[in-house]
Trainee: 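This is the structure I have questions about; it appears just below.
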Amino acid sequence: MARLVVMGGGVSGHTAATFAKDWLGDEHEVVVVTPNSQWNWIPSNIWVGVGQMTKEEVVFPLAPVYEKAGIDFRQAKAVSIHPNGGEKSDKEYITIEYTGQGKEGQTEEITYDYLINATGPKLNFGATPGLDEGHTVSVCTADHAVHANLELKKVFEKAKTEKQKILVGTGHGMCTCQGAAFEYIFNIEHEANKAGVRDNLEIKWISNESFLGDFGIGGLHMKRGGYAASSRLFAESLYSERGIPWIIGAHVSKVEAGKAHYELLDGSTGEEEFDFAMLIPPFAGVGLKAYDKDGSDITDTIFAPNGFMKVDAKYDAGAYENWKASDWPRTYQNPTYSNMFACGIAFAPPHLISKPMSSVNGTPINPTPPRTGMPSGIIGKNVAHSVCDLIKKGPDAHLHEASMAEMGAACVASAGKGLTDGTAAALTVYPVVPDFEKYPGLGRDLDYTFGEIGLAGHWIKHILHHLFIYKAKLKPGWTLIPE
Amino acid sequence: MQRIEETVKPYDQNFTTMVPTGFVKFMRTCLIWQFLRFIAINIKMIIVVRKSHG
């Protein structure tokens, strides 16, 4: 009997663990270690953040689902990896610290034959002075979104009688997840109209993107009116239509009560006052450590400096001019320890997807690569497939591949909730990482990259909400629903 | 419905962007048209999803 340990129960980890258990059956063990007792459909946090959904609608308890599936669930955070074993044994193990199940604070060692790191990110609020001091809100977790809605409602109430200013965007020059902020600002604008307070609200966007519509993937092009049009045109159009001015190429350097300080790509600095601000924090690895058999620290061997796990990517491509689509990982296997994989946000990308930028002062100001959503699920499933084949067929089994430079992604960005008056930007991009060798100029296949704004997109977003929660609960036919 | 003249200010930040006309905005929430787009977008997305699952 082999034991697969999955660290993390988010989109990627949950997908990997549930498929692995389904394929392995009772002959082998699957253990999930995750500090959260509940699974969260993160894309719908946006609607919690504007009061259009409750927290209960976007989460469900993991324990009953894992019990039904036969997965050993440990509500704990992974602390360290010992890929060569320890003093007592050569057997690989991880150490965990419980956060629930009545064992809070207790530590334990769990041995493994195969390890999947799907820990997701640490929300690194501390990277920006003041961002972690409660002056701003976030929608990154369901609880954060609940809090954001409470604060937003206070501002809406004040806006009935006086002018209020709302600032939404990224809270650092190296943020990713611009899409979440994009959705939030347009949902706020939509709700402000419904509440009749839009005229008293100044809503402003601030982002580290070098152009609107970059989204951390260098933007995209779509066929429109006989042209290959940049996502910049569509993004600027939407911001203009909704009366939302923007600040781009901005590194938020400090946050105070009611004020955000920022530096722009041209080196100039400025400050923006606000009554309510939702600024996405930068992501970092969760801080897992790795130790050799003798206790020496080998974290640098397994993890990149940003805390994400090294996989089969080309990390030494160097300057931007050398970057290729083929630099991106295919199997997500750790190059040092072949029984370790990373998926979702937990793997270290080889380089940015957007063109690297920095201010004239040398401050990096560019979106970091997103690894969320559909790619995260697909990668998790492929990694699970590889591990299952290694267990069943032996160490020479062919590893499954899922390069972000060869896969597309479907994305639906809400611009306001409502069965008849809602809108969303429904788009696909193929491939996610542009391949300028295969698709010279634009980097992507124009036949499979498209986008449009409308009510249809909102319907799709709403259906996806129910579909993916259904799938994550492992209801009948769940394996038939694609990632 | 908000008019373009109320949205764009001369030589302001949004002066050089595309701004949707009233017809375009109407079509974005026109139930019949959006139902057709719903079918079309789903087909397009399914094709991309199938291509991405190797």
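All of these numbers come straight from a predicted model, not from anything done at the bench. In what follows, chains are A, B, ... by sequence order, proteins preceding strands, each numbered from 1.
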Trainee: Start with the C-alpha distance between A:W246 and A:F211, add both sets of side-chain angles, then the distance that settles ring-ring contact (aromatic ring centres under 6.0 Å, His included), and finish with yes or no.
Mentor: CA-CA 10 Å; A:W246 59 85; A:F211 61 90; over 10 Å; no
Trainee: B:L31 versus chain A, heavy atoms under 4.5 Å apart: side chain, backbone, both or neither?
Mentor: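 Interface part for B:L31: both.
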Trainee: Considering only heavy atoms, which portion of A:E483 lies under 4.5 Å from any heavy atom of chain B: side chain, backbone, both, or neither?
Mentor: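 Contact with chain B involves both backbone and side-chain atoms of A:E483.
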Trainee: Which answer fits A:I463, side chain, backbone, both or neither, if we ask what part of it has an atom under 4.5 Å from a heavy atom of chain B?
Mentor: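 When you check distances to chain B, only side chain atoms of A:I463 fall under 4.5 Å.
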Trainee: Considering only heavy atoms, which portion of A:Y448 lies under 4.5 Å from any heavy atom of chain B: side chain, backbone, both, or neither?
Mentor: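 It is both, since atoms from each part get that close.
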Trainee: Can you confirm whether the side chains of A:D389 and A:H398 place a donor and an acceptor under 3.5 Å from each other?
Mentor: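 No donor-acceptor contact under 3.5 Å links the two side chains.
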Trainee: Between chain A and each of B:M27, B:R28, B:M18, count heavy-atom pairs under 4.5 Å; write down the option with the most.
Mentor: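 Most pairs with chain A among the choices: B:R28.
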Trainee: Among A:L427, A:I453, A:T423, who wins on heavy-atom pairs under 4.5 Å with chain B?
Mentor: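 Sorted descending by pairs with chain B, the first entry is A:I453.
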Trainee: Where on A:A409 is there a heavy atom nearer than 4.5 Å to chain B: the side chain, the backbone, both, or neither?
Mentor: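 Only the backbone of A:A409 comes within 4.5 Å of chain B.
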Trainee: Tell me, for A:F450 versus chain B, whether the close heavy atoms (under 4.5 Å) come from the side chain, the backbone, both or neither.
Mentor: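 Side chain only.
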Trainee: Please determine if A:D421 and A:K194 form a salt bridge, counting it only when a charged side-chain N lies under 4.0 Å from a carboxylate O.
Mentor: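 A salt bridge is absent here (no side-chain N lies under 4.0 Å from a carboxylate O).
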Trainee: Using the ring centroid of each side chain, check whether A:Y332 and A:F347 are separated by less than 6.0 Å.
Mentor: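 So the answer is yes for these two rings.
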Trainee: Might you confirm whether atom CZ of B:R37 has over 12 heavy atoms from other residues, nucleotides or ligands at distances under 6.0 Å?
Mentor: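 Yes, because the 6.0 Å sphere around CZ of B:R37 holds more than 12 heavy atoms from other groups.
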Trainee: Between A:E452, A:K381, A:H458, A:E401, which has the largest tally of heavy atom pairs under 4.5 Å with chain B?
Mentor: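 That would be A:E452.
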Trainee: Does the side chain of A:E241 reach to within under 4.5 Å of the side chain of B:K25, using non-hydrogen atoms?
Mentor: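 Heavy-atom side-chain distance check passes, below 4.5 Å.
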Trainee: Would you call A:R444 and A:P431 a side-chain contact if the rule is heavy atoms closer than 4.5 Å?
Mentor: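 Yes. Closest side-chain heavy atoms under 4.5 Å.
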Trainee: Using non-hydrogen atoms only, which part of A:I378 is less than 4.5 Å away from chain B: side chain, backbone, both, or neither?
Mentor: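 Just the side chain, heavy atoms under 4.5 Å.
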Trainee: Does a salt bridge link A:K461 with A:E183, judged by any charged N lying under 4.0 Å from a carboxylate O?
Mentor: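 Salt bridge flag = yes for A:E183 with A:K461.
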Trainee: Hey, which of B:I46, B:N42, B:I41 has the most heavy atom pairs under 4.5 Å with chain A?
Mentor: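 Between B:I46, B:N42, B:I41, the count favours B:I41.
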